Trainee: 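Here it is, the structure in full.
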Amino acid sequence: MAKRTDEGYYIESKRFREEALRIADTLKNCPMHFVITNVITMEVEITKSDLKTIVSKNTQDNRFNAFKNKVAQDLKGFLEKSIYEGWREVLPGKHPETAYFAYFSRELGEKAYLCIRKIKNTGLFKPYAIIDQKTFDAEIQNLRK
């Protein structure tokens with residue numbers, strides 16, 4: 001079996017991104033809505049814009065980018081089987097529409113964290129980013145259970 005190269009992961013990342021964007025197109029004018037309880041009860045809304053934001057946030061690691069873009073294709077499934085890690089307040093001056101960010105993790109050959117934000121005026125939870133362990137570790141000092 002051939003070993004994957006960084007270029008191979010880059011190509012896979014782009015392919016998975018395009019697949020996620022095709023899914024995002026189906027959400028145009030018809031967002032996905034579901035309620036899930038995973039420690040906290042959330043009414044989740046996923047829009048075309050949410051998926052576009054997630055697949056547009058890339059790290060320097062093409063392997064993780066490919067993984068993230070594949071995970072983005074089934075955020076509901078990710079949340080259903082994830083572990084609640086906690087929540088953190090919004091940094092002052094950033095994201096004024098957001099009440100707080102909640103974090104959920106899942107081990108799928110690699111650990112990934114879904115950062116989901118609670119919108120102040122609607123109470124909806126909206127996915128914001130899929131991050132790696134290094135990024136999560138940089139943000140957990142303010143995390144509360």
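The structure presented is a predicted model; accordingly, all values stated were derived computationally and were not measured.
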Trainee: Can you tell me if K14 has over 12 outside heavy atoms packed within less than 6.0 Å of its NZ?
Mentor: no

Trainee: Is there a continuous path of hydrophobic side-chain contacts, each under 4.5 Å between heavy atoms, that joins L51 to M42?
Mentor: yes

Trainee: Does a side-chain heavy-atom distance below 4.5 Å link P31 with I46?
Mentor: no

Trainee: Rounded to the nearest 0.5 Å, what's the gap from CD on E110 to CZ on F67? Could you check?
Mentor: 5.5 Å

Trainee: Should we say atom CD of E107 is surrounded by more than 12 heavy atoms from elsewhere, each under 6.0 Å from it?
Mentor: yes

Trainee: Shortest non-hydrogen contact from A112 to I130?
Mentor: CB-CG2, 4.1 Å

Trainee: Examine distances only and state if a side-chain atom of T37 and a backbone atom of I40 form a donor-acceptor pair shorter than 3.5 Å.
Mentor: no

Trainee: Are any non-hydrogen side-chain atoms of L114 and P127 less than 4.5 angstrom apart?
Mentor: yes

Trainee: Do T26 and C30 have side chains that get closer than 4.5 Å, going by heavy atoms?
Mentor: no

Trainee: Establish, from distance only, whether the side-chain atoms of Y84 and K145 form a donor-acceptor pair under 3.5 Å.
Mentor: no

Trainee: Do F78 and V39 sit in one hydrophobic cluster, given that two such residues count as connected whenever their side-chain heavy atoms are within less than 4.5 Å of each other, even indirectly?
Mentor: yes

Trainee: If we count only N and O atoms by modelled type, under 3.5 Å, do the side chains of T135 and D132 hold a donor and an acceptor together?
Mentor: yes

Trainee: Assigning hydrophobic clusters by single linkage (Ile, Leu, Val, Met, Phe, Trp, Tyr; side-chain heavy-atom cutoff under 4.5 Å), is L27 placed with F34?
Mentor: yes

Trainee: Between E19 and R15 (salt bridge meaning N to carboxylate O under 4.0 Å), is one present in this structure?
Mentor: yes

Trainee: For residues D137 and I140, determine if any side-chain heavy atom of one lies less than 4.5 Å from a side-chain heavy atom of the other.
Mentor: yes

Trainee: Verify the distance criterion only: is there a donor paired with an acceptor across the side chains of N69 and S13 at less than 3.5 Å?
Mentor: yes

Trainee: Do the charged groups of E12 and R63 touch, with an N to O distance under 4.0 Å?
Mentor: no

Trainee: Are the side chains of F125 and E43 in contact, using a 4.5 Å heavy-atom criterion?
Mentor: no

Trainee: Show which side-chain atoms of residues 97-105 pair as donor or acceptor with protein atoms under 3.5 Å away, not counting sequence neighbours.
Mentor:
{"residue": "E97", "atom": "OE2", "partner": "R117", "partner atom": "NH1", "Å": "2.4"}
{"residue": "T98", "atom": "OG1", "partner": "R117", "partner atom": "NH1", "Å": "3.3"}
{"residue": "Y103", "atom": "OH", "partner": "R88", "partner atom": "NE", "Å": "2.8"}
{"residue": "Y103", "atom": "OH", "partner": "R88", "partner atom": "NH2", "Å": "3.3"}
{"residue": "Y103", "atom": "OH", "partner": "E139", "partner atom": "OE1", "Å": "2.5"}
{"residue": "S105", "atom": "OG", "partner": "E85", "partner atom": "OE2", "Å": "2.6"}

Trainee: Taking the side chain from N65 and the backbone from T59, do they hold a donor-acceptor pair closer than 3.5 Å?
Mentor: yes

Trainee: Should D25 and K48 be marked as a side chain to side chain contact (heavy atoms under 4.5 Å, CB included) after you check the CA-CA gap, both sets of side-chain angles, and the distance that decides it?
Mentor: CA-CA 6 Å; D25 281 338; K48 177 180 179 176; 3.0 Å; yes

Trainee: Is any side-chain heavy atom of N38 closer than 4.5 Å to a side-chain heavy atom of K81?
Mentor: no

Trainee: Apart from L21 itself, which Ile, Leu, Val, Met, Phe, Trp or Tyr residues share its cluster (side-chain heavy atoms under 4.5 Å, direct or through members)?
Mentor: V55

Trainee: Got a second to check how far I131's CD1 is from K57's NZ, nearest 0.5 Å?
Mentor: 10.5 Å

Trainee: Can you hop from M32 to I54 via hydrophobic side chains spaced under 4.5 Å?
Mentor: yes

Trainee: For the hydrophobic clusters of this structure (ILVMFWY residues joined by side-chain heavy atoms under 4.5 Å, transitively), does one cluster hold both I116 and I23?
Mentor: yes

Trainee: Whether the side chain of S56 engages the backbone of K52 through a donor-acceptor N/O pair (distance < 3.5 Å, no angle test) should be reported.
Mentor: yes

Trainee: Can you find a heavy atom in the side chain of K111 that is under 4.5 Å from one in the side chain of F136?
Mentor: no

Trainee: With rounding to the nearest 0.5 Å, note down the distance linking NZ in K68 to CZ in R17.
Mentor: 8.0 Å

Trainee: Could you tell me the separation between the OG1 atom of T5 and the OH atom of Y10, rounded to the nearest 0.5 Å?
Mentor: 12.5 Å

Trainee: For the pair K126 (side chain) and I119 (backbone), establish whether a donor and an acceptor sit closer than 3.5 Å, ignoring hydrogens and angles.
Mentor: no

Trainee: Tell me whether the count of non-hydrogen atoms from other residues, nucleotides or ligands lying under 6.0 Å of NZ in K134 goes above 12.
Mentor: no

Trainee: Decide yes or no on side chain to side chain contact (heavy atoms under 4.5 Å, CB included) for L79 and V44, but give the supporting numbers first.
Mentor: CA-CA 10 Å; L79 274 171; V44 180; 4.2 Å; yes

